[in-house]
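For reference, the structure is listed below as structure tokens.
The chain is numbered in sequence order, starting from 1.
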Amino acid sequence: TLPPAKCVGMVLPYDQSVVLTATPVLLRAIAIGPCGFNWIKFYDGTVYLGDAVPNPGGGYDLTVGGFALGTHQLSAVAQLADSTGGVGEVETSAPVDLIVVAPAPPPDPHGP
């Protein structure tokens with residue numbers, strides 16, 4: 001038999017997104033299929049970033065700033081609400097890579 005479909009997916013940022021240091025980044029997770037959640041938490045590898053807040057337009061959001069230079073592997077971890085309203089299993093989204101780069105230095109006003 002095939003494994004069950006994942007219920008949580010990350011849609012923001014896109015995989016391989018590139019941002020500058022000190023840029024706030026919107027993290028957004030969504031339900032894939034008819035799934036409900038008790039909570040969703042975001043992680044950078046094993047580092048907890050914070051709890052998602054339901055977005056009125058759909059999805060679950062958290063804005064995070066202060067990422068260090070380098071590549072960060074972001075994921076959403078969700079506890080599914082079971083059909084009886086109790087506690088369900090915990091699932092992790094497929095990770096997305098966020099690449100953080102430094103801004104280029106200003107041009108030399110004196111030329112080369």
Side-chain angles (χ1 to χ4, degrees):
T1 62
L2 295 174
K6 293 284 186 186
C7 282
V8 63
M10 291 226 13
V11 294
L12 290 176
Y14 299 111
D15 193 30
Q16 299 292 314
S17 290
V18 178
V19 298
L20 297 175
T21 55
T23 301
V25 177
L26 174 64
L27 310 181
R28 178 170 291 156
I30 61 166
I32 300 171
C35 299
F37 304 115
N38 291 325
W39 49 256
I40 296 178
K41 299 173 184 299
F42 289 104
Y43 286 85
D44 177 2
T46 60
V47 176
Y48 170 73
L49 297 173
D51 291 342
V53 176
N55 176 333
Y60 300 83
D61 295 352
L62 176 69
T63 300
V64 179
F67 284 104
L69 291 173
T71 301
H72 299 266
Q73 196 167 65
L74 307 176
S75 60
V77 176
Q79 183 183 62
L80 306 178
D82 77 7
S83 60
T84 64
V87 176
E89 68 180 84
V90 174
E91 287 189 355
T92 302
S93 70
V96 297
D97 287 339
L98 176 71
I99 302 161
V100 181
V101 298
D108 184 354
H110 304 291

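- How far CD1 of I40 is from CE of M10: 10.0 Å, rounded to the nearest 0.5 Å.
- Counting heavy atoms from C-beta on, the side chains of D44 and F67 come closer than 4.5 Å.
- Going from atom OG of S93 over to atom CZ of F42 covers 8.0 Å, rounded to the nearest 0.5 Å.
- Contact detail for L69 and A102: the closest heavy-atom pair is CD2-N, 3.3 Å.
- Looking only at side-chain heavy atoms (C-beta outward), Y60 and V53 stay at 4.5 Å or farther from each other.
- Residues P13 and L27 are in side-chain contact: their nearest non-hydrogen atoms beyond the backbone lie under 4.5 Å apart.
- Once rounded to the nearest 0.5 Å, the distance linking CG of L74 with CG of D15 reads 9.5 Å.
- Contact check for V77 versus Y48: no side-chain heavy atoms found under the 4.5 Å cut-off.
- Taken together through direct or relayed side-chain contacts under 4.5 Å among Ile, Leu, Val, Met, Phe, Trp and Tyr, V11 and V25 form parts of separate hydrophobic clusters.
- The minimum heavy-atom distance linking L80 with C7 is given by the pair CD2-CB, 3.7 Å.
- Interatomic distance, NE2 of H72 versus CD1 of I99, reported as 10.0 Å (0.5 Å rounding).
- From Q79, atom CD reaches atom CG of N38 across 4.5 Å, with rounding to the nearest 0.5 Å.
- What you find for Q73 and P95 is that their closest heavy atoms are CG-CB, 3.4 Å.
- To the nearest 0.5 Å, atoms CG (L62) and CG (N55) are separated by 12.0 Å.
- Side-chain contact between V8 and F37 is present, with heavy atoms from C-beta onward closer than 4.5 Å.
- Nearest heavy-atom pair across A22 and P24 is O-CD, 3.6 Å.
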